[in-house]
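Structure first, commentary second.
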Amino acid sequence: MSDRYNHKTAEKKWQSKWIDNEIFSSEKNKDKKKYYVLEMFPYPSGKIHMGHVRNYTLGDVVARYKKLKGYNVMHPMGWDAFGLPAENAAITEKKSPEEWTYNNINIMKGQLKSMGFSFDWKRELATCHPEYYKHEQEFFIEMFKKGLAYKKESEVNWDPVDKTVLANEQVIDGRGWRSGAEIEKKYLSQWFLKTSKYSEELLSGLDELDEWPEKVKTMQKNWIGKSFGAEIDFTLINKDTNEKKIKIFTTRPDTIYGATFIAISAKHPLSKELSNKNNNIKKFISKCEASNSEKEKLGLNTGLEVEHPITKKPLPVYIANFVLMDYGLGAIFGCPAHDQRDLDFANKFNLEVIMVVKPDDNSVKEINTEAFVGSGKIINSDFLNGLDVERAKIEILNFLESKGLGSKKTNYKLRDWGVSRQRYWGCPIPILYREDGEVVPVDESDLPIILPKNKKGGELITSLKDVQEWKTTICSQTGLKAIRETDTFDTFFESSWYFLRFCNPRLNKAIDFDEIKYWLPVDQYIGGIEHAILHLLYSRFFTKALRDLNYIDVREPFRGLFTQGMVTHKTFRNDKNQWIEPGEVVAKKDKIFDSDGNIVFAGSVEKMSKSKKNVIDPTEIIELYGADTARWFMLSDSPPDRDLEWSERGVLASYKFLNKIWDISNKSKVYKSGLKNIDRGYVDKFEEKIHEITLNIESFHFNKSVAKIYEYVNLLSTLINEKKLKNEDVSVIIKNLTIVIHPFIPHISEEIWNKLGFEGFCAATSWPVVRKSFKKESLRMPIQINGKTRSLIDINANEEEDSVLQKAMNDPKVIKHTENKKVLKKIFVKNKIVNIVVK
RNA sequence: GGGAGUAUGGCGGAACUGGUAGACGCGCCGGAUUCAAAAUCCGGUCACUUCGGUGGUGUGGGUUCGACUCCCUCUACUCCUACCA
């Protein structure tokens, strides 16, 4: 009897052998079919969590499988290394963000290696490295020159106690996370990228992404938010303002006869103009800007009036907090009868409500507190009367355009991307503020602009603003004095092009055009659904922008996208309602207790999180059971796109299965068949299973592949015990098994491969080739009576209707259910089913 | 408020374009092995049943020879998004 499988030695051994033999380095040969597998790179927080393990295990199955299928595979890994936690750690742990980050990278790299992922570590990159971020400074300058980057006033979260700008995630319930002070809105001039210029292309491009989940495409579609409507001018009656008219945007021009007021945003130019003349208005505007209770409708009558463009009736002009400056034109006409917000507003300020759409079923006769937003026929609207809503929209638009009162307009919700962050640990924005007042990009020959390092023992840098010697400089073009931009990029900037950089991460230029032409698009991108909108949209935008700057020739970065579910675990609480770690929980009889013997209650299943104390550390699992066990568990049972509940029992089951495979591979060496009559059909059964395993890998149903592998092993085990296979067949069956388990549990597979004396590496062999259709000579056909299965009969494959029906009607069970009844109909579907309808 | 999704045994989940519902795994029950246990192996496991059957995929209905699958209704849960005119 051979010894037990030792995961500790085997896993370490194969991990280093794969690296030493460069098994996972992609080939230079550009004639070979490529496959680019990418998982979303991690933030180097210090240790990997189960979410990473799941994400990278899924990617590793794809990468190893595609390699076995003969593709030239690229499977890189890197670090999304700029970001806030490093700055927080700098304060709490007194380490510089740089030191902290690189130290974490080191630790996590070791953890990832211990999982045996097939990453090509030679392509590793960290976005906080100047050799990475210097290139995005160049991109930014090119974008600036092309008019894709610009500056405008924008709101930030200001912590008045810490005197710092906070990121959105640092604001909890309107208060600063550290100081607890109430956060104020403050306006700063910040950098933006013109994502809105690409709204239409980002939207229409979704149509070609047929390997993306519909869910994600819908989310992006809603985010881009295309809507059709009209811009209509309302002329001011009082002429003493600079603005002579108010232009509004609406998607319901058909309701224009129901307009009873105009509302403009507090940030509308007219509001600003008025606030300079009128103190009340000024006060009201600051009230709007300060208020966080956003549901309450605030409004102020400006005293101005506009003329209704058709009826010429005067309408009051309000400043209202619910009108957004960022969307449309920052001004609307209020039609209270057919818009709930307008109605709430009108009721509060006693404005007129005119119903102009009547539902066809007359279910709504008057409007009180509920606006009617459905479809119907237009009323009270002169020449529009009697038309349905859609028709009326067209008629009124034609009318307004012919009179020069308005025009058709397509609008998008998508806004420009604000990339400025008032932080230290990020990529410096390469802009100079010159003493002559000019704002100019840094000359490209002066790049990179490197972050100033924290000096040992010196004060920690928390903002570039404080580093005098860094920010004061000379403009190399003019010799004038200048101050550097002290904001850094949003970290989504780095992750928007790392998939391009992987194609040649050490190149001195930003982009290797030819390598990218070969490798892009990413064939399979895998990550969490939480990035469905921002990261994926920014990456798509970046790809299009870089294409327009002639860096690359790629339209869409990610051909296939897969979003995996979360890793969850049961939670526990004690009678004081405190969370208890699962490791501390002990079951006694039907009750559970903590380690001190206090009673514990099982809570709901939740995403693993520190605050709920239901986190399982992957490194402990690897230590105890090995990486393969963790991988196998991750892939069993739960479909990859659904949540996976971590369970100790499941882990043990995986562990058991590995040992079973080990044992069966040992048996094969001593297997001797004594049987003379060997059924060759058994071999077919194994090939059929391989075929199913393959299909399920291709369609990302790894849980089903796992189930089929169990069936394969169970069948093999049974036939070996019953000595029903030929010796040479057993050898092939086990060889194939070793290969098909390889993408899932590569270490044990490689160990078995080696032990059985097969050539080279299992990781580098080829996937078994099997027939795609399996002809059966006979099959068991269900016979239904009135749609209920009553009997099963054996028939030949492709047996014709007459003969099958004859067999069916002679079947005792069928006779029993049909005698004394009238046969109305016989349904026959070849090789599938017979259904006899009786009465 | 808007949008998307999910619902199948004690549990996780299978069921290809409508054709034997519950594959596979966990758990549980019984047995073998053992001085005993662990491990391992074998058998059973949707419910009810008068052992002939009957019912059963969140609810109620429809289409069909036949529905987990298609259509409509309602319910519950999850996620995203939100004053987007």
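This is a predicted model, so every value here is computed, not measured.
To the nearest angstrom, C1' of U20(B) lies 13 Å from CG of D794(A). C79(B) atom C1' lies 14 Å from atom CD of E606(A), rounded to whole Å. Look at CH2 on W632(A): it is 12 Å from P on C26(B), rounded to the nearest Å. For the pair R341(A) CZ and G1(B) P, the interatomic distance rounds to 15 Å; values are reported in whole Å. Atom C1' of nucleotide G53(B) and atom NE2 of H817(A) are separated by 8 Å, given to the nearest angstrom. When the C1' atom of G25(B) is taken as reference, atom CG of L658(A) falls 14 Å away, rounded to whole Å. Between F657(A) atom CZ and A39(B) atom P the separation is 18 Å, expressed in whole Å. In this structure, L695(A) atom CG and A23(B) atom P are separated by 21 Å, rounded to whole Å.
Checking C42(B), A14(B), G19(B) against the side-chain heavy atoms of K704(A) singles out A14(B) as nearest. When distances run from any side-chain atom of N835(A) to the nucleotides G19(B), C24(B), C41(B), the shortest one goes to G19(B). The side chain of A653(A) lies closest to G25(B), out of G19(B), A85(B), G25(B). Of the candidates U54(B), C42(B), A21(B), U54(B) carries the atom nearest the R790(A) side chain, counting heavy atoms from C-beta on. The side chain of Q784(A) sits closest to G19(B) out of G55(B), C84(B), G19(B). Comparing A85(B), C80(B), G27(B) against the side chain of M219(A) picks out C80(B) as the nearest. Which of U20(B), A14(B), A85(B) sits closest to the side chain of F249(A) comes down to A85(B). Here A85(B) is the nucleotide among U20(B), G55(B), A85(B) with the atom lying nearest to any side-chain atom of T250(A).
With hydrogens and angles left out, the side-chain atoms of Q564(A) and R642(A) include no donor and acceptor closer than 3.5 Å.
With its glycosidic angle more than 90° from 0, G12(B) is assigned anti. Shown here, G55(B) is classed anti by the O4'-C1'-N9-C4 or O4'-C1'-N1-C2 angle, which is more than 90° from 0.
Where K825(A) and M325(A) each meet RNA chain B at their nearest nucleotide, the meeting point lying more 5' is that of K825(A). The 5' end of RNA chain B is approached more closely, in terms of each residue's nearest nucleotide, by P639(A) than by the other of S717(A) and P639(A).
Annotation: side chain of D628(A) is not in contact with side chain of F633(A) (no heavy-atom distance under 4.5 Å). You'll find the side chain of F261(A) reaches within 4.5 Å of the side chain of D342(A), heavy atoms only.
For C48(B), the paired nucleotide is G53(B), the pair qualifying as Watson-Crick or G-U wobble because both relevant distances are below 3.5 Å.
V837(A) comes within contact range of the sugar-phosphate backbone alone, with a heavy-atom separation under 4.0 Å but no base atom that close. Backbone-only contact: Y710(A) has heavy atoms under 4.0 Å from sugar-phosphate atoms and none from a base. As judged by a 4.0 angstrom heavy-atom cut-off over every strand, N714(A) is placed among residues touching the sugar-phosphate backbone only. Residue S638(A) is in sugar-phosphate contact alone, with no base atom involved, counting any heavy-atom pair closer than 4.0 Å across all strands shown. Counting non-hydrogen atoms under 4.0 angstrom, N703(A) reaches the backbone sugars and phosphates but no base. Residue K708(A) is classed as having no contact, given no heavy-atom separation below 4.0 Å to the nucleic acid. Within the nucleic acid shown, E711(A) comes within 4.0 Å of sugar-phosphate atoms alone, with no base atom in reach, counting heavy atoms only. If you check every strand for non-hydrogen atoms under 4.0 Å, K826(A) touches nothing. Across all strands shown, V323(A) has heavy atoms under 4.0 Å from base atoms, whether or not it also approaches the sugar-phosphate.
Across the P atoms, A14(B) and A82(B) are found 32 Å apart, a figure rounded to whole Å. Rounded to whole Å, the P atom of U8(B) lies 15 Å from the corresponding atom of C68(B). Nucleotides C41(B) and A67(B) place their P atoms 41 Å apart, quoted to the nearest Å.
Donor-acceptor pairing under 3.5 Å, judged by distance alone, is present between the side chain of R415(A) and the base of C84(B).
Both tests do not hold together for K226(A) against Y412(A): distance to the six-membered ring centre under 6.0 Å, angle to the ring axis within 45°.
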Nucleotide by nucleotide, nucleotides 2-7 of chain B touches protein heavy atoms under 4.0 Å in the pattern (B base, S sugar-phosphate only, - none) -SS---

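Nearest heavy atoms, Q220(A) versus W212(A): NE2-CZ3, 3.9 Å.
Between W417(A) and F192(A), the distance from one ring center to the other does not fall under 6.0 angstrom.
With R252(A) contributing its side chain and K393(A) its backbone, the two residues share no donor-acceptor pair below 3.5 Å. Not a single donor-acceptor pair under 3.5 Å links the side chain of E698(A) to the backbone N or O of L695(A).
Among residues two or more places apart in sequence or in another chain, the side chain to side chain contact (heavy atoms under 4.5 Å, CB included) test is passed with K245(A) by D233(A).
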